[in-house]
Number of protein chains: 2
Amino acid sequence: MPQKPFLPVLYELVRTYQAFEAYSGAHIRTMGLTAPQFDIIATLGNTEGMSFKDLGEKTLITKGTLTGVIDRLEDKALVRRVASPSDGRSQIVQLTRAGEKLFAQVFPAHLSHLEQAFGNFSRQDFEAAELVLQQLKDAFLAANSNLEEAA
Amino acid sequence: MPQKPFLPVLYELVRTYQAFEAYSGAHIRTMGLTAPQFDIIATLGNTEGMSFKDLGEKTLITKGTLTGVIDRLEDKALVRRVASPSDGRSQIVQLTRAGEKLFAQVFPAHLSHLEQAFGNFSRQDFEAAELVLQQLKDAFLAANSNLEEAA
DNA sequence: TGACATTGGTTCTAGTTAGTACAATAATAA
DNA sequence: TTATTATTGTACTAACTAGAACCAATGTCA
């Protein structure tokens with residue numbers, strides 16, 4: 001059996017992501033939001049709003065999914081759709097007053113919650129983690145590009 | 001504004017995981033399976049089968065979700081449920097003959113596909129990645145335990 | 001200008017997800 | 001033995017997910 005040294009790395013990547021989601025998501029739910037909803041609120045905070053296209057690129061939520069997430073945030077009166085003045089196809093999504101108020105509450109609270117997980121990390125630990133993750137990400141993105149070229 | 005050196009790390013973690021899922025998932029779909037379905041097939045391969053409880057622990061799929069995933073694999077005649085001889089509550093999930101045949105095809109093919117993403121990685125790169133991810137995972141697991149204790 | 005392709009957002013389908021409630025069985029304890 | 005508690009898998013809800021089909025608006029180019 002040839003050694004597959006990448007398997008433990010992938011295993012750890014998946015478990016690490018799941019552990020992060022569990023920790024982050026539990027706190028987000030206590031604030032009355034889902035993880036994607038929080039992601040949208042956080043992305044729109046301190047902006048004038050942005051199109052579905054831009055929101056999708058920032059959050060990596062595909063447009064079909066985004067329609068539903070924005071629908072539910074609109075039902076909660078946290079965001080609104082406004083027709084784009086420059087492009088008749090495009091909708092601008094903005095925080096409402098209530099959305100801005102919620103952002104001001106939950107965003108710092110969630111950052112503080114996340115920070116607590118990193119109590120023992122040194123500056124070197126952060127730098128090493130960032131580098132390793134970038135290297136991994138670049139490997140997958142490059143491999144994916146190769147596939148698309150081949151097609 | 002105090003520096004938040006953990007934010008770039010979390011950003012990279014999420015993007016890295018998404019890049020992995022995109023690369024891995026696209027290949028799995030070409031083989032006619034979804035990612036969780038592949039996960040189940042891979043876990044059951046070369047075993048005598050296992051209970052829902054064990055399957056859930058190995059794959060980190062919660063039991064409510066697992067019922068549906070197994071239902072769909074059973075519809076495809078890739079797995080079967082067998083009553084546990086030792087516990088009247090428990091069901092054993094096994095690969096069928098067709099499931100074993102599929103496992104023998106898709107599992108090595110997928111490993112080979114994944115391996116291609118790691119062309120430039122050295123042994124040191126793998127070790128560094130594994131260590132960093134373990135450190136991150138442990139931080140989230142510990143933080144989560146602290147929450148549960150407090151509750 | 002007119003034909004054509006592209007883009008932005010919505011809709012639809014099949015599937016996954018966590019969480020909760022539930023029924024049947026098993027384990028524990030009085 | 002009986003009462004209580006825990007465990008195993010299923011059913012159900014609300015939400016998210018990618019992907020594909022679709023429509024209207026825009027851009028391109030001959």
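Proteins come first, then strands; the chains are lettered A, B, ... in the order of their sequence lines, and each starts at number 1. On a predicted model such as this, the values are computed, not experimentally measured, just so you know.
Shortest non-hydrogen contact noted between B/F118 and A/L10 is CZ-CD2, 3.8 Å. The minimum heavy-atom distance between B/T43 and B/L55, with the atom names listed, is CG2-CD2, 3.9 Å.
Relative to the side chain of A/T65, the nucleotides D/dG19, D/dG9, D/dC16 differ in distance, and D/dC16 lies closest. Distances were taken from every side-chain heavy atom of A/I61 (C-beta onward) to each of D/dT7, D/dT17, D/dA15; the shortest belongs to D/dT17.
Side-chain atoms of B/K63 and base atoms of D/dG9 include a donor and an acceptor less than 3.5 Å apart.
Looking at heavy-atom distances under 4.0 Å, B/T34 makes contact with sugar-phosphate atoms alone, never a base. Across all strands shown, A/S51 has heavy atoms under 4.0 Å from sugar-phosphate atoms exclusively, and none from any base.
At the phosphate of D/dA18, OP1 or OP2 sits under 4.0 Å from a side-chain N or O atom of A/T62. Close to C/dT20, at under 4.0 Å from its OP1 or OP2, lies no side-chain N or O of A/R29. When the side-chain nitrogen and oxygen atoms of B/Q91 are compared with OP1 and OP2 of D/dT10, none of them lie within a distance under 4.0 Å.
Remark: P of D/dG19 and CD1 of B/I28 are 13 Å apart, rounded to the nearest angstrom. Between the CD1 atom of A/I92 and the C1' atom of C/dG9 there is a distance of 12 Å, given to the nearest Å. In this entry the distance linking CG of B/D54 with C1' of D/dT7 reads 13 Å, nearest Å. The CD atom of B/E21 sits 11 Å away from the C1' atom of D/dT17 (whole-angstrom rounding). Remark: C1' of C/dA18 and CD of A/Q18 are 13 Å apart, rounded to the nearest angstrom. Atom C1' of nucleotide C/dA27 and atom CG of B/D87 are separated by 10 Å, given to the nearest angstrom. The separation between B/D71 atom CG and D/dC12 atom C1' is 13 Å, rounded to whole Å. To the nearest angstrom, P of C/dA27 lies 6 Å from CZ of B/R89.
Projected onto DNA chain D by closest heavy-atom contact, A/R72 and A/G88 fall at different nucleotides, the more 5' of which corresponds to A/R72. Two residues, B/V69 and A/A26, neighbour DNA chain C, and the one matched to the more 5' nucleotide by heavy-atom proximity is B/V69. Toward the 5′ end of DNA chain D lies the nearest nucleotide of B/G64, the other residue of the pair A/P36 and B/G64 mapping further downstream.
No donor-acceptor distance shorter than 3.5 angstrom exists from the side chain of A/S51 to the backbone of A/I92, with no hydrogens or angles considered.
B/M31 and B/Y23 fall within a single hydrophobic cluster, where Ile, Leu, Val, Met, Phe, Trp and Tyr side chains are chained together by heavy-atom contacts under 4.5 Å.
For A/R81 and A/E74, the salt-bridge test passes: some basic side-chain N is under 4.0 Å from an acidic carboxylate O.
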